[in-house]
Amino acid sequence: MDKKGFLIVISGFSGVGKGTVVKRLVEDYGYSLSISATTREPREGEVDGKDYYFKSVSDFQNLIDYNGFIEWAQYVDNYYGTPRKFVEDEMKLGHDVILEIEVQGAMHVKEQYPDALLIFVTAPNAEILKERLKGRGTDSEAVIAKRLRRAADEAEDIDVYDYVVVNDDLEECVKAVNSVIVANKCKKSNNLKFIEDIKQELKAQ
Ligand code: 5GP
């Protein structure tokens with residue numbers, strides 16, 4: 001199989017539990033996880049350099065100016081971006097890299113990396129999504145309302161994604177997302193060089 005690393009974009013409605021899904025994918029299957037930069041305030045328990053690189057708006061702007069991001073986007077009232085260097089280095093090493101980013105970012109990634117695999121994680125229905133957001137207890141009513149409005153907009157963009165996975169049961173969801181990633185690696189179009197090489201090797205026998 002080809003040795004290059006794949007770029008895997010995982011998006012989903014706010015509160016759908018995609019952070020937990022991604023964490024499990026990293027722990028259970030060893031994917032590399034890109035840590036984003038953001039201008040939002042850290043939430044209780046979040047650690048700089050682990051959950052996000054927390055930046056001032058001017059530092060974030062500098063990174064944009066120096067082409068430091070693969071993509072960046074404004075989400076609710078803050079900026080979020082994917083640092084370029086980590087992703088490019090990991091892919092060169094043949095590691096598959098997960099980006100947990102929102103829809104605008106996913107579109108920008110697909111433009112630059114047409115081979116990127118885009119997976120959308122959704123809740124079983126809107127009511128369950130709202131309950132999960134409230135249950136998280138980290139955001140005010142106003143922010144929850146904004147996130148739900150944003151989710152309605154994001155639902156319009158699901159077409160951009162290659163796969164949709166429902167997060168009803170965490171274990172099932174993690175397995176399903178990994179299966180999608182493995183299947184994508186085996187796709188014929190992602191193994192053209194391998195196929196050519198093995199043809200040549202067999203002819204030379
Ligand atoms: P949160 O504030 O809940 O941590 O993240 C809000 C949204 O920003 C989530 O949908 C998350 O996936 C997205 N996000 C996190 N990092 C990035 C990034 O680097 N780029 C983009 N475009 N979105 C991001």
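Counting begins at 1 with the first residue of the sequence. Indexing begins at 1, ligand by ligand and atom by atom, following the structure's order.
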| Salt-bridge criterion met for Lys193 and Asp197 (N-O under 4.0 Å) | yes

| request: Check each atom of ligand 1 against the heavy atoms of Gly105 and keep those under 4.0 Å away; list them by number with element. | output: 22 (N)

| field | Protein residue, atom and distance nearest to atom 9 (C) of ligand 1, heavy-atom basis | value | Lys18 NZ, 4.0 Å

| Neighbour count >12 (heavy atoms, 6.0 Å) for atom CD, Glu141 | no

| message | Looking at Lys199 and Glu196, is any side-chain nitrogen of the basic one under 4.0 Å from a carboxylate oxygen of the acidic one? | response | yes

| query | Backbone, side chain, both or neither: what part of Tyr75 comes under 4.0 angstrom of ligand 1, heavy atoms only? | reply | side chain

| field | Residue part near ligand 1, for Arg43, under 4.0 Å between non-hydrogen atoms | value | side chain

| task | Kindly indicate whether the side chain of Tyr29, heavy atoms from C-beta on, has any atom under 4.5 Å from the side chain of Lys175. | result | yes

| Is the shortest heavy-atom distance from the side chain of Asn184 to the side chain of Phe6 under 4.5 Å? | yes

| said: Counting only nitrogen or oxygen atoms and a 3.5 angstrom limit, does Gly81 reach ligand 1? | reply: yes

| message | If you apply the rule side chain to side chain contact (heavy atoms under 4.5 Å, CB included), what do you find for Leu99 with Val87, and how did you get there? | response | CA-CA 9 Å; Leu99 311 184; Val87 173; 3.9 Å; yes

| Quick check: does any side chain N or O of Asn167 sit under 3.5 Å from a backbone N or O of Cys173, one acting as donor and the other as acceptor? | no

| field | Heavy-atom side-chain contact between Ile158 and Phe13 under 4.5 Å | value | yes

| said: Against Asp115, only a single residue in Lys187, Lys4, Lys110 fulfils side-chain hydrogen bond (donor to acceptor under 3.5 Å, both in side chains); can you say which? | reply: Lys4

| note | Near Arg40 (heavy-atom distance under 4.0 Å), the atoms of ligand 1 are 1 (P), 2 (O), 4 (O)

| message | Tell me the contacting part of His108 for ligand 1: side chain, backbone, both, or neither, using a 4.0 Å heavy-atom threshold, strictly below. | response | neither

| note | Nearest heavy atom to atom 15 (C) of ligand 1, choosing from Phe13, Tyr52, Tyr53, belongs to Tyr52

| N or O pair under 3.5 Å between Glu71 and ligand 1 | yes

| message | Would Arg147 count as a polar contact of ligand 1, with the cut-off being nitrogen or oxygen pairs under 3.5 Å? | response | yes

| query | Quick one: nearest non-hydrogen protein atom to atom 22 (N) of ligand 1, plus distance? | reply | Glu102 OE2, 2.6 Å

| remark: To atom 17 (C) of ligand 1, the nearest of Ala37, Ser14, Ser36 on a heavy-atom basis is Ser36

| message | Quick check on contacts: which atoms of ligand 1 are under 4.0 angstrom from a heavy atom of Ala73? | response | 22 (N)

